[in-house]
Student: 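What follows is a single structure, and I will ask about it in a moment.
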Protein chains: 2
Amino acid sequence: MTSVTSEQGTSTARRTTGGRPADGRQRVIDAAVAQFAEYGVEGTSLQMIADAMGVTKAAVYYHFKTKDEIVVAVVTPVLDQLLAILREAEAQRGQAARTRAFLTAFTRLVIGHRQLLTLLYDDVAVLRILHEHWPHFDEFERRVPLVLVGPDADAGRLVAAAVALTGIVAAAASPQFTHLGDAELEEHLLDAGLRLVGARRRR
Amino acid sequence: MTSVTSEQGTSTARRTTGGRPADGRQRVIDAAVAQFAEYGVEGTSLQMIADAMGVTKAAVYYHFKTKDEIVVAVVTPVLDQLLAILREAEAQRGQAARTRAFLTAFTRLVIGHRQLLTLLYDDVAVLRILHEHWPHFDEFERRVPLVLVGPDADAGRLVAAAVALTGIVAAAASPQFTHLGDAELEEHLLDAGLRLVGARRRR
DNA sequence: GTCTATATAAAGATAGAC
DNA sequence: GTCTATCTTTATATAGAC
């Protein structure tokens with residue numbers, strides 16, 4: 001079995017080697033997430049990130065050599081979590097259990113990063129960068145729908161899975177629902193997802 | 001009742017005043033759609049559009065004064081169709097009929113423009129431009145979910161509507177399903193949509 | 001770790017010839 | 001209707017001082 005692994009251990013390592021948390025590197029990431037969510041990756045310049053931090057472009061370049069590196073750093077933690085969710089779900093016995101396990105954890109992850117996940121699903125620039133810099137990202141993309149509906153699913157169920165995944169991510173990011181609390185939105189999203197992939201909701 | 005109307009009658013007018021179809025203006029639009037779909041609006045430069053047409057940037061600027069104008073011209077025909085669909089659905093008697101009427105026509109529209117609709121739902125640059133240049137676009141955005149689930153829907157049904165709309169659009173654009181024929185993909189998308197907004201499929 | 005200053009390339013956009 | 005040439009602004013990125 002090919003294994004999908006992140007090569008981006010640097011930031012984690014740095015945080016353990018005595019450096020204070022919320023160091024400069026992390027501050028860049030935080031600022032970048034906010035800008036990316038509002039203007040998209042291509043619509044965000046290093047100048048905008050620097051301005052949001054109250055520093056200059058050169059200060060940003062001290063932490064990251066390129067803009068692509070920032071994108072990878074922004075997205076890697078979520079991808080790692082998604083990978084963990086994927087593995088745990090795949091380890092369940094029975095397709096129904098795998099479906100429920102993945103969808104439950106996935107919805108929770110989406111809620112925990114309302115703006116960030118849409119980068120992964122909607123921003124063409126992010127997808128291009130990940131295909132360039134993230135080893136086995138394409139394999140990763142294939143495994144997600146499979147764990148949801150199983151390897152023997154017909155086209156109809158694969159389409160339903162795609163609608164569920166992309167719909168959940170986009171709806172969570174929609175300004176339409178910013179007023180909804182995390183718990184309530186999470187429940188509704190999970191509900192919608194389960195209805196789509198054919199499972200009944202446990203009460 | 002406030003009416004949502006396109007101010008962009010120019011291209012239609014030009015096509016009726018004796019000008020050959022597939023004129024330069026339309027050729028720019030066609031080239032732009034292809035580039036926008038692949039690289040996003042911010043990721044597409046006028047140079048790329050010009051190159052795709054085999055002309056220079058200045059030739060493109062003869063037809064459109066700004067890049068924003070191109071985006072509006074690309075998206076306006078679809079928005080007009082969407083508006084027509086919206087009105088026809090709103091005119092139905094009974095919420096079930098409105099839901100079915102809209103979803104059926106919407107899915108067909110999405111299939112007819114697999115790549116284009118995702119610009120409307122996913123591309124933040126397009127949304128910004130439309131909010132700037134399309135009168136009553138925000139009102140338009142509000143009416144779409146409402147016709148799907150009705151004015152008295154609770155949060156759960158509104159979330160389901162959002163998942164359906166965004167999911168259908170994104171799934172239709174997904175490279176995962178490029179091999180599926182229009183008719184089959186349309187059926188599966190409609191199926192998923194109806195399951196989400198609570199209606200049973202007519203056979 | 002942050003700054004000023006700068007290099008270099010590409011972006012959007014315009015003027016004017018053909 | 002398309003071209004060459006050019007303007008202006010902004011982008012990514014680097015060098016080197018503090």
Side-chain angles (χ1 to χ4, degrees), chain A residues 10-11 13-15 17-32 35-36 38-75 123-126 128-129 132-133, chain B residues 10-11 13-15 17-33 35-36 38-75 123-126 128-130 132-133:
Chain A
T10 336
S11 75
R14 190 164 304 199
R15 216 169 309 167
T17 40
R20 291 285 145 267
D23 54 3
R25 199 183 156 89
Q26 189 59 43
R27 288 183 50 236
V28 173
I29 294 177
D30 294 339
Q35 304 294 308
F36 289 166
E38 185 159 1
Y39 305 104
V41 167
E42 297 266 15
T44 301
S45 66
L46 292 184
Q47 188 66 67
M48 293 163 75
I49 295 174
D51 288 349
M53 297 174 63
V55 297
T56 65
K57 277 189 294 180
V60 176
Y61 272 111
Y62 171 77
H63 297 288
F64 296 94
K65 278 196 297 290
T66 66
K67 187 182 172 184
D68 279 15
E69 257 190 44
I70 300 180
V71 173
V72 171
V74 159
V75 135
D123 198 305
V124 290
V126 172
R128 198 212 70 228
I129 291 169
E132 261 175 45
H133 295 88
Chain B
T10 336
S11 76
R14 191 164 302 199
R15 216 169 311 165
T17 40
R20 290 286 145 269
D23 54 5
R25 198 183 158 88
Q26 188 59 42
R27 286 182 54 234
V28 172
I29 293 177
D30 294 340
V33 174
Q35 304 294 308
F36 288 165
E38 185 159 2
Y39 304 103
V41 165
E42 297 266 16
T44 300
S45 66
L46 293 182
Q47 188 65 70
M48 291 163 76
I49 296 174
D51 288 350
M53 297 174 62
V55 298
T56 65
K57 276 191 292 181
V60 176
Y61 272 110
Y62 170 77
H63 297 287
F64 297 94
K65 277 196 294 291
T66 66
K67 188 182 172 184
D68 279 14
E69 257 190 44
I70 300 179
V71 173
V72 171
V74 160
V75 135
D123 197 305
V124 288
V126 172
R128 199 210 71 229
I129 291 169
L130 287 178
E132 262 175 45
H133 295 87

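In the text below, chain A, chain B and the rest are named by the order of the sequence lines, each starting its count at 1. All values below come from the heavy atoms of this structure, side chains included, with hydrogens, waters and symmetry mates left out.
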Student: Between C:dA13, D:dT12, C:dT2, which nucleotide has the shortest distance from any of its atoms to the side chain of B:Leu46?
Tutor: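 Within the option list, the nearest is C:dA13.
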
Student: Using atom CE of B:Met48 as one end and atom P of C:dA11 as the other, report the distance to the nearest whole Å.
Tutor: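 So the two atoms are 8 Å apart, to the nearest Å.
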
Student: How long is the line joining CZ of A:Phe64 and P of C:dT2, in whole Å?
Tutor: 12 Å

Student: Would you mind reading off the distance between A:Ile70 atom CD1 and D:dA11 atom C1', rounded to a whole angstrom?
Tutor: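 Nearest whole value for this atom pair: 13 Å.
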
Student: Given atom CG of B:Asp68 and atom P of C:dA11, what is their separation to the nearest angstrom?
Tutor: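 The distance from CG of B:Asp68 to P of C:dA11 comes to 16 Å, rounded to the nearest Å.
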
Student: From the options D:dC3, C:dA11, D:dG1, select the nucleotide whose nearest atom is closest to the side chain of B:Ser45.
Tutor: C:dA11

Student: Tell me which nucleotide among C:dG1, D:dT14, C:dG12 gets nearest to the side chain of B:Lys57.
Tutor: C:dG12

Student: Looking at the side chain of B:Lys67, which of C:dT14, C:dA13, C:dC3 is the nearest nucleotide?
Tutor: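 Nearest listed nucleotide: C:dA13.
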
Student: Roughly how far, to the nearest 0.5 Å, is CD of A:Glu42 from NZ of A:Lys67?
Tutor: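 Result: 6.0 Å between the selected atoms.
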
Student: With rounding to the nearest 0.5 Å, note down the distance linking CD1 in A:Ile49 to CD1 in A:Ile29.
Tutor: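 Here the rounded value is 10.5 Å.
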
Student: To the nearest 0.5 angstrom, please state how far the OH atom of A:Tyr39 sits from the CZ atom of B:Arg128.
Tutor: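 Nearest 0.5 Å value for the OH-CZ distance: 10.0 Å.
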
Student: Go through D:dT2, C:dG12, C:dT4 for me and flag the one nearest to the A:Thr56 side chain.
Tutor: C:dT4

Student: Let me confirm one number: the CG-NE2 distance from B:Asp68 to B:His133, rounded to the nearest 0.5 Å.
Tutor: 5.0 Å

Student: Roughly, in whole Å, what's the span from NE2 in B:His63 to C1' in C:dA13?
Tutor: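 Atom-to-atom, B:His63 to C:dA13, this comes out as 16 Å.
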
Student: Provide, to the nearest angstrom, the distance between the CD atom belonging to A:Gln26 and the P atom belonging to C:dG1.
Tutor: 14 Å

Student: Between D:dT14, C:dA13, C:dA15, which nucleotide gets closest to the side-chain atoms of B:Tyr61?
Tutor: C:dA13

Student: Measure the CZ-CG distance between B:Phe36 and B:Asp123 for me, rounded to the nearest 0.5 Å.
Tutor: 8.5 Å

Student: With a 4.0 Å limit, can you tell me whether A:Tyr62 has a side-chain N or O closer than that to the phosphate oxygens OP1/OP2 of C:dT2?
Tutor: no

Student: Taking CG from A:Asp51 and P from C:dT2, how many angstroms apart are they, rounded to a whole number?
Tutor: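 Roughly 15 Å, once rounded to whole Å.
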
Student: Which sits closer to the 5' end of DNA chain D, A:Lys65 or A:Gln47, going by the nucleotide each is nearest to?
Tutor: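 Final value for this comparison: A:Gln47.
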
Student: Side chain of B:Thr66 only, heavy atoms from C-beta on: which candidate in D:dT12, C:dA13, D:dT2 is closest?
Tutor: C:dA13

Student: Specify the separation, in whole Å, of atom CD of A:Glu42 and atom P of D:dT10.
Tutor: 18 Å

